[in-house]
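These notes concern the structure reproduced below.
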Amino acid sequence: MLRKQESGELDERDLAYRIAQAVFDRRTELGWSQSQLAEAAGMRQPHVSRLEAARSLPSLDVLRRVAEALGTDLTVALVPREADRKVVEEVAP
């Protein structure tokens, strides 16, 4: 679960880290170097390095290209927050 900052917003660093770890895990599972992933995704190796270092959140287009290159599906989920989920469960038959 993503942590929330004091402002109540999702912690972007946590999300960037989770994405970075998933990319790193799949890339190493395939036995690829960062350069090989970069070539397959149509980007440069330093960009892959920054992505895996979780320096910033990648764009949806970059995620799509990386997912395609790694032979994975990109999934985005909108999941109700815990408080909202309880309300839905109480109303549902």
Side-chain angles (χ1 to χ4, degrees):
M1 169 160 286
L2 295 176
R3 293 181 300 242
K4 289 188 179 182
Q5 300 173 351
E6 288 182 29
S7 65
E9 295 195 17
L10 296 177
D11 184 348
E12 288 187 12
R13 292 184 61 85
D14 188 48
L15 180 56
Y17 175 78
R18 288 169 183 246
I19 291 168
Q21 191 64 53
V23 170
F24 174 82
D25 289 348
R26 178 62 177 159
R27 178 180 64 76
T28 57
E29 179 181 298
L30 294 172
W32 285 7
S33 66
Q34 288 183 346
S35 295
Q36 289 171 305
L37 173 55
E39 184 176 336
M43 52 199 324
R44 296 185 6 218
Q45 181 274 332
H47 195 161
V48 173
S49 178
R50 284 191 302 275
L51 186 139
E52 289 187 358
R55 292 191 185 138
S56 64
L57 280 174
S59 69
L60 195 52
D61 180 60
V62 167
L63 287 174
R64 183 190 53 77
R65 291 184 357 231
V66 168
E68 181 68 27
L70 292 173
T72 60
D73 293 324
L74 175 61
T75 303
V76 177
L78 298 175
V79 180
R81 293 187 179 111
E82 191 61 35
D84 294 337
R85 204 173 300 156
K86 288 178 183 175
V87 171
V88 171
E89 290 171 359
E90 290 173 7
V91 174

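Note that the structure is a prediction, hence the values are computed from the model and not measured.
Shortest non-hydrogen contact noted between Ala20 and Leu51 is CB-O, 3.2 Å. For the residue pair Trp32 and Arg27, the shortest heavy atom distance occurs at O-NH1, 2.7 Å.
Under the 4.5 Å side-chain contact rule for hydrophobic residues, Val23 and Leu15 share a cluster. Grouping the Ile, Leu, Val, Met, Phe, Trp and Tyr side chains by contacts below 4.5 angstrom, directly or via other members, places Leu30 with Leu37. When hydrophobic clusters are built by joining Ile, Leu, Val, Met, Phe, Trp and Tyr residues whose side-chain heavy atoms come closer than 4.5 Å, directly or via intermediates, Phe24 is not grouped with Val66. Under the 4.5 Å side-chain heavy-atom criterion for Ile, Leu, Val, Met, Phe, Trp and Tyr, Val62 and Ile19 are members of the same hydrophobic cluster. Tracing side-chain contacts under 4.5 Å through hydrophobic residues (I, L, V, M, F, W, Y), one reaches Leu70 starting from Leu74; they form part of the same cluster.
Evaluation of the side chain to side chain donor-acceptor pair (under 3.5 Å) test over residues 58-70, restricted to residues two or more places apart or in two chains, returns Asp61-Arg64, Asp61-Arg65.
The side-chain contact (heavy atoms from CB on, under 4.5 Å) test applied to Glu39 returns no partner, not counting sequence neighbours.
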Between side-chain atoms of residues 40-49 and protein atoms elsewhere (two or more places apart, or another chain), which donor-acceptor pairs fall under 3.5 Å?
{"residue": "Gln45", "atom": "NE2", "partner": "Gln34", "partner atom": "OE1", "Å": "2.6"}

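Here CZ of Arg13 is found 11.0 Å from CZ of Arg55. Values are rounded to the nearest 0.5 Å.
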